[in-house]
Amino acid sequence: MQTLALNGGQPRFSQPLHVGRPNLGDTRRLFERLEGIMERRWLTNDGPVVGEFERRICEITGVKHCVTMCNATVALEIAIRALDFRGEVIVPSYTFVATDHALQWQEITPVFADIELNTLNMDPRCLERLITPRTTGIVGVHVWGRPCNTRAIEEFGRQHGLKVMYDAAHAFGCSHETRMIGNFGECEVLSFHATKFLNSFEGGAIVTNNDDLANKVRLMRNFGFAGYDRVIYLGTNGKMTEVCAAMGLTSLESLDELIRLNRGNYAEYQARLQGIPGISLVDYTTNEKRNYHYIVAQVDASVCPLNRDELVEVLHAENVLARKYFWPGCHRMQPYKALFPNAHLMLPNTELRAAQVMVLPTGQSISKNNIATISEIIRSALSQAEKVKRILSQKAT
Ligand code: T4K
């Protein structure tokens, strides 16, 4: 049987090229910091490195408070609880499942909003029809680091007495209407997961300009402790370790360089993929700050000779591990699929884009030559679309 590796059967890359390969700062700086941590023997529980990391995040974002957490999922859960969301909360389905799970985990029903076709973000025009007497809040997501329509969402929230917060897991270092992400809604949640723009191994943060909310989430992340033996609130363990903060601080020192590299990779993909019918890259505005962390291609099968899934199969056969984020959409994952079997009927744009998007490798571990080869694989697969389809149908039988 013929293989999908179209260049004589051997994958074009001998090693897999991953989406989400972590970017690393200066490892010597990290080791110096680790030595300091070991000498101090202060490893977690609001240590000095965590404090320094939080101050740096505040400086960069211009936000008053940064409360770091062990990861963004726990940060979302804590923020949702601190805002007293209950009943139903409006949220997109086109997001990483952590956003919706953070609600459902607390027995709050996520009510899925559709997305705008151009931005892939929550469409504020569908909020009106999703609101019920049980609605208590809205969670927007800045998908791929492109801010959602905060103005319209927050205006709707004000009119209906609903609090708004954002999942800004992709959007550290981005700005919106000249303010840095972190300053919108009641609070925003950042992710510093290894695969993210700012990498602290695992990590996240709630950033907010609201003093009371900041105090509340600080208590909640440490079991509600307000001093030795004094628990004054319900809490959990959401703390970031010193080692993670050291990694975060070290990553911060290379962020400008990383943006330059990401932007260069993005420009290279754009140039190499330009003019292919049915393939477009999600674009990044140039009049705001962007981290260019994701290379997001949309494959429009009504124009392109292969659909997204077929192209991803070819890329995988060549060891390019493109990802279908966020397919099939949270509404088609469990437990939501069982709870809301007809949700897709209200989510036509989510369904469409979830079937079209493929995320391509970028970051420090990808060279310009790699991008040229990946683009060449895509062009060559499309020029042999009939053959690809034949091989795929043989594989399926
Ligand atoms: N909200 C949004 C909008 C999010 O996108 C996310 C996370 C969250 C909330 C929750 O944030 P955290 O709680 O994680 O802080 C990956 C990441 O694990 C996840 O953090 C991220 N979004 C999501 C978009 O991507 P998976 O399930 O695709 O992970 P996985 O294990 O397949 O890894 C992705 C790729 O990265 C693989 O190809 C391998 C590569 N990789 C990964 C790691 C960890 C490496 O090469 N080295 C590594 O160390 O979710």
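We count residues from 1, following the sequence as given. Whatever order the structure lists them in is the order used to number ligands and atoms, beginning at 1.
- The distance criterion of under 3.5 Å between nitrogen or oxygen atoms is not met by Pro22 with respect to ligand 1.
- Considering every non-hydrogen atom in both Arg146 and Thr119, the closest pair reads NH2-O, 3.0 Å.
- Taking the six-membered ring for Trp and the full ring otherwise, Tyr294 and Tyr325 have centroids separated by 6.0 Å or more.
- In this structure, the protein non-hydrogen atom closest to atom 11 (O) of ligand 1 is Ala72 CB, 3.4 Å.
- Within a 4.0 Å radius of atom 36 (O) of ligand 1, the protein contributes one or more non-hydrogen atoms.
- When only non-hydrogen protein atoms are considered, atom 43 (C) of ligand 1 lies nearest to Thr195 CG2, 4.1 Å.
- Remark: His331 pairs with no residue by the ring pair (Phe, Tyr, Trp, His ring centres under 6.0 Å) rule, at least two apart or across chains.
- Each of Asn183, Asp211, Asn209 was scored for a side-chain hydrogen bond (donor to acceptor under 3.5 Å, both in side chains) with Lys64, with one residue passing: Asp211.
- Using a 4.0 Å cut-off between charged nitrogen and carboxylate oxygen, Arg221 and Asp46 count as a salt-bridge pair.
- Each of the following atoms of ligand 1 lies closer than 4.0 Å to a heavy atom of Ala169: 1 (N), 2 (C), 3 (C), 4 (C), 9 (C).
- Nearest to atom 41 (N) of ligand 1 among the protein's heavy atoms is Gly20 O, 3.6 Å.
- Ligand 1 has at least one atom lying under 4.0 Å from a heavy atom of Thr99.
- Here the heavy atom of the protein found nearest to atom 30 (P) of ligand 1 is Arg323 NH1, 4.0 Å.
- Within the 4.0 Å heavy-atom criterion, neither part of Glu202 lies near ligand 1.
- Of all the atoms in ligand 1, the ones that sit under 4.0 Å from a non-hydrogen atom of Tyr325 are 16 (C), 25 (O), 26 (P), 28 (O), 34 (C).
- Under 4.0 angstrom from ligand 1, the non-hydrogen atoms of Asp167 all belong to its side chain.
- For atom 24 (C) of ligand 1, the closest heavy atom belonging to the protein is Phe96 CD1, 4.0 Å.
- In summary, the atoms of ligand 1 found under 4.0 Å from a heavy atom of Thr95, numbered by their order in the structure, are 3 (C).
- Some N or O of Val19 is nearer than 3.5 Å to an N or O of ligand 1, by distance alone.
- Note on ring orientation: taking the six-membered ring where Trp is involved, the planes of Phe172 and Phe192 are perpendicular (angle over 60°, cut-offs 30° and 60°).
- When each of Glu32, Arg33, Arg28 is paired with Thr250, the side-chain hydrogen bond (donor to acceptor under 3.5 Å, both in side chains) condition holds for Arg33 and for no other.
- Close contacts of ligand 1 with Asn71, meaning ligand atoms under 4.0 Å from a residue heavy atom, involve 13 (O), 15 (O).
- Of all protein heavy atoms, the one closest to atom 39 (C) of ligand 1 is His18 ND1, 3.6 Å.
- Each of the following atoms of ligand 1 lies closer than 4.0 Å to a heavy atom of Arg21: 45 (C), 46 (O).
- Relative ring orientation between Phe184 and Tyr166 is described as perpendicular, the plane-to-plane angle rising above 60° on a 0-90° scale split at 30° and 60°.
- For residues 268-277, the side-chain hydrogen bond (donor to acceptor under 3.5 Å, both in side chains) pairs, not counting sequence neighbours, are Tyr266-Gln270, Glu268-Arg272.
- Nearest-residue assignment for atom 22 (N) of ligand 1 (options Lys196, His193, His170; heavy-atom criterion): Lys196.
- Using a 4.0 Å cut-off between charged side-chain N and carboxylate O, Glu155 and Arg158 make a salt bridge.
- Atoms of ligand 1 found under 4.0 Å from any heavy atom of Gly203, numbered from 1 in the order shown, are 15 (O).
- Ion pairing of Glu188 with Arg179 is absent here, as no side-chain N (NZ or NE/NH1/NH2) approaches a carboxylate O to less than 4.0 Å.
- Glu318 places no side-chain N or O within 3.5 Å of a backbone atom of Ile374 that could act as its donor or acceptor partner.
- Contacts with ligand 1 closer than 4.0 Å are made by side-chain heavy atoms of Ala98 only, the backbone lying farther away.
- The aromatic rings of Tyr284 and Tyr292 lie perpendicular to each other, with more than 60° between the two planes, well past the 30° mark.
- Of all atoms in ligand 1, listed by their number and element, those nearer than 4.0 Å to a heavy atom of Thr73 are 10 (C), 12 (P), 13 (O).
- Atoms of ligand 1 found under 4.0 Å from any heavy atom of Ser191 (numbered from 1 in listed order, with element): 11 (O), 12 (P), 15 (O).
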